[in-house]
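Worksheet: one structure, shown below.
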2 protein chains.
Amino acid sequence: MAANLKQVAELSGVSVRTVSNVVNGFHYVAPETRQRVQTAIDALGYRPNAAARSLRTGRTGLLALVVPALDQPYFAELARAVVRHANAAGYTVVLDQTDADRERELDLLSGQPGRTMFDGLILNPLTLTSADIPANPSRPIVLLGERAIATSADHVHIDNVAAARTATEHLIAGGRRRVAVIGTQDTPSGQSARLRLQGAMIALAEAGLTAHPDLLRPADSYTRTAGYRAMEAILDGGRAVDAVFCFNDSMAIGALRALREHSVRVPDDVAVVGFDDIEEGQFSAPPLTTVRPDKDAIARTAVERLVARIGGESEPGQEIEVGFDLVVRESTTGP
Amino acid sequence: MAANLKQVAELSGVSVRTVSNVVNGFHYVAPETRQRVQTAIDALGYRPNAAARSLRTGRTGLLALVVPALDQPYFAELARAVVRHANAAGYTVVLDQTDADRERELDLLSGQPGRTMFDGLILNPLTLTSADIPANPSRPIVLLGERAIATSADHVHIDNVAAARTATEHLIAGGRRRVAVIGTQDTPSGQSARLRLQGAMIALAEAGLTAHPDLLRPADSYTRTAGYRAMEAILDGGRAVDAVFCFNDSMAIGALRALREHSVRVPDDVAVVGFDDIEEGQFSAPPLTTVRPDKDAIARTAVERLVARIGGESEPGQEIEVGFDLVVRESTTGP
DNA sequence: ACCGCGTCTTGCATCGATGCAAGGTCTTGC
DNA sequence: GCAAGACCTTGCATCGATGCAAGACGCGGT
């Protein structure tokens with residue numbers, strides 16, 4: 001079934017090399033020859049063998065995207081954007097999930113046997129820190145989401161401090177004084193969480209406010225369930241609250257459910273703000289105010305940087321910051 | 001940087017073939033030799049070249065998964081399960097999105113240049129019908145979600161008629177009499193939609209009910225927004241309704257929002273049931289009653305079938321049905 | 001008549017691994 | 001003592017494509 005260059009060459013009466021020239025659109029091929037070869041290609045249903053081509057050229061045309069879990073909406077939306085941009089750049093995406101498993105993240109970084117088949121790697125690390133990134137990776141790497149110590153890899157991120165500060169300022173501007181925070185993390189890898197907390201604290205401090213420790217709730221996974229539990233813990237704790245800043249939308253949606261179940265009105269009694277602007281937030285009850293990182297820009301930039309590196313660019317790793325804005329919906333302002 | 005077998009062989013003083021034997025865990029290698037080779041491998045940081053291996057063996061270790069769009073939660077959850085099972089079976093997943101574009105679906109089927117690099121294909125077709133599936137694809141294919149005309153490909157699906165019927169019967173059992181349906185499709189490819197409609201009609205007929213045509217609302221894309229619009233159209237139409245069966249959860253969540261905005265109480269005034277059991281439905285207001293297809297079984301079975309085919313199995317295409325059940329939550333029964 | 005150049009085509013080596021089958025060494029059984 | 005077999009190792013061909021550099025051809029200029 002699978003024809004190769006040689007068979008096409010024999011059928012069309014030219015050399016293998018000429019067929020290759022036709023396939024790759026090489027300039028110097030006589031129109032008549034090109035025609036004849038093309039006919040043979042069609043007749044045999046010839047398709048270039050990707051493995052052979054890769055072996056010879058050293059390129060696979062594949063980009064690996066590594067995310068914690070696809071069923072987290074933020075990562076699904078990000079993956080969608082990455083796949084789109086990669087396709088536009090002529091690449092296909094291979095997808096790996098780490099489930100926040102440090103071993104798997106390291107594995108993928110090192111290029112385990114059988115998993116090495118890609119030209120570059122886009123990694124959204126959960127458990128890794130910059131220190132884990134090899135200084136001279138065998139293939140280019142772009143890191144997402146974490147501000148990094150200098151390495152040879154490019155980093156794409158948003159200004160988490162400013163974003164969190166903006167979100168918190170919005171709550172304060174709405175007259176909220178008892179602000180809770182859901183999603184703090186103490187692990188060495190919880191870099192974004194630390195930055196978001198920092199931003200929130202700055203906003204509170206500038207308003208002459210502080211957050212009681214009871215209102216700073218950690219979360220190890222950023223899921224709806226984690227948000228639900230954290231919110232319940234806050235409500236059960238009995239300490240007065242009039243606003244909650246969740247470090248991602250999924251947790252905010254979990255928090256909304258907990259508030260609903262406790263008959264706490266949103267935003268009347270408690271305002272809620274999230275982070276990520278996943279589509280689901282437009283349909284929650286009430287629709288969710290949130291920080292919207294420019295996901296498309298993140299994906300586009302990541303792919304761009306990777307493609308440039310694959311093309312041979314070898315400057316030191318860059319820090320690239322993309323924009324964000326605050327999307328105000330009814331979870332903070334009411335209808 | 002990248003070492004090859006030959007260099008390892010030279011360093012360890014054995015033949016290339018022996019190194020290969022060590023790498024592949026071939027049985028007959030003297031422990032001492034194995035040790036020496038392993039040391040050389042570690043010293044050089046040797047990793048097998050996947051392209052070369054593929055060329056020689058004809059296997060890439062990649063499975064392609066083709067879905068319409070990753071930001072639709074159902075497909076994201078499905079993709080997650082497929083990736084997990086594929087990894088467990090020693091495969092990596094390459095991901096393609098078709099955006100419901102017929103051209104792209106056909107492209108992928110035919111194995112376009114540069115995209116041919118996978119051992120098998122899992123396809124969740126939106127625009128294709130069985131007639132489009134080549135009789136002798138160059139690589140094995142497993143189709144998801146559509147009941148198929150006999151081809152060489154395996155098909156994994158649930159009993160859409162029975163599932164839709166169960167959902168509708170649940171509404172009727174709750175005393176609902178004016179049942180609307182959201183998500184009908186007239187296109188040749190809307191096979192699941194037709195089957196689900198059929199199941200709903202059977203349930204209605206058995207209860208001596210019919211659905212007024214105004215209450216059968218089409219949707220071309222199965223998104224939250226489509227569900228929102230369809231629900232609005234129903235409410236604006238003014239025809240009395242006390243239940244809505246949405247052909248997927250995303251649309252149901254859109255419908256819930258429309259109902260909320262119109263101050264229609266769920267489930268008191270209108271009961272809502274969805275389809276897919278996406279995680280989001282557990283957190284909607286109110287939590288969503290839905291048909292839960294066994295997504296994990298779908299993914300597992302698809303990967304299993306594909307791996308078997310890749311392994312050389314060549315029986316005619318099988319129809320494989322996986323289970324479903326109805327998950328009753330508050331959108332139909334109240335708290 | 002010949003050189004030079006642009007156009008078109010080709011053969012050979014090569015990428016890095018594995019299949020095959022044979023070769024060598026060492027036990028084991030009779 | 002010797003054949004049979006088990007254990008371990010190896011050389012060569014091969015997968016299908018592309019890089020390289022040279023070869024063949026035609027044609028205008030001098």
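Just so it is clear, the values below take in all heavy atoms, side chains as well, and ignore hydrogens, waters and symmetry mates. Chain naming here is simple, since letters A, B, ... match the order of the sequence lines and numbering starts at 1 in each.
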Exercise for the section: Summarise protein proximity over nucleotides 3-11 of chain D in one line of letters, 5' to 3': B for base, S for sugar-phosphate only, - for none, counting protein heavy atoms closer than 4.0 Å. Expected result: ----SBBBB

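For the OP1/OP2 pair of dA17(C) and a distance below 4.0 Å, the side-chain nitrogens and oxygens of S20(B) include no atom meeting the criterion. Contact annotation: N49(B) side-chain N/O to dG16(C) OP1/OP2 distance is not under 4.0 Å.
Under the Watson-Crick or G-U wobble criterion, with both distances below 3.5 Å, dC15(C) is paired with dG16(D).
At least one side-chain heavy atom of V322(A) sits under 4.5 Å from a side-chain heavy atom of V156(A). Considering only heavy atoms from C-beta on, V93(B) stays 4.5 Å or farther from V94(A) through its side chain. Side-chain contact between I310(B) and Y91(B): present, with at least one pair of heavy atoms (C-beta onward) separated by less than 4.5 Å.
With respect to the salt-bridge test (charged N to carboxylate O, under 4.0 angstrom), the residues D296(B) and R84(B) qualify. Taking the charged nitrogens against the carboxylate oxygens, D119(B) and R59(B) have no contact shorter than 4.0 Å, which rules out a salt bridge. Checked for salt-bridge contact, R80(B) and D99(A) meet the test: a charged N lies under 4.0 Å from a carboxylate O.
Rounded to a whole Å, the CZ atom of R47(B) is 16 Å from the C1' atom of dA17(C). Whole-Å rounding puts the K6(B) NZ to dT18(C) P distance at 16 Å. One atom, CG of N24(B), and another, C1' of dA17(C), lie 9 Å apart when rounded to the nearest Å. Here dG19(D) presents its P atom at 7 Å from CZ of R56(A), a figure rounded to the nearest Å. In this structure, L5(A) places its CG atom 19 Å from P of dC15(C), rounding to the nearest Å. Rounded to an integer number of Å, the gap from I41(B) CD1 to dG16(C) P is 16 Å. R59(B) places its CZ atom 15 Å from the P atom of dG16(D), with the value rounded to the nearest Å. Residue L55(B) contributes atom CG, which lies 14 Å from atom P of dT14(D) at whole-angstrom precision.
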Might you list the N or O atoms of the protein lying below 3.5 Å from N or O atoms in nucleotides 23-26 of chain D, with each pair's distance?
none

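Between V23(A) and A52(B), the residue anchored nearer the 5' end of DNA chain D, judged by the nucleotide with its closest heavy atom, is A52(B).
For R53(B) against dT18(C), no side-chain N or O and base N or O form a donor-acceptor pair under 3.5 Å.
When only modelled atom types and interatomic distance are considered, H157(B) and E319(B) share a side-chain donor-acceptor pair under 3.5 Å. In this structure, a donor-acceptor pair under 3.5 Å is absent between the side chains of N49(B) and R53(B). Residues E304(A) and H85(A) bring no donor and acceptor atom of their side chains to less than 3.5 Å of each other.
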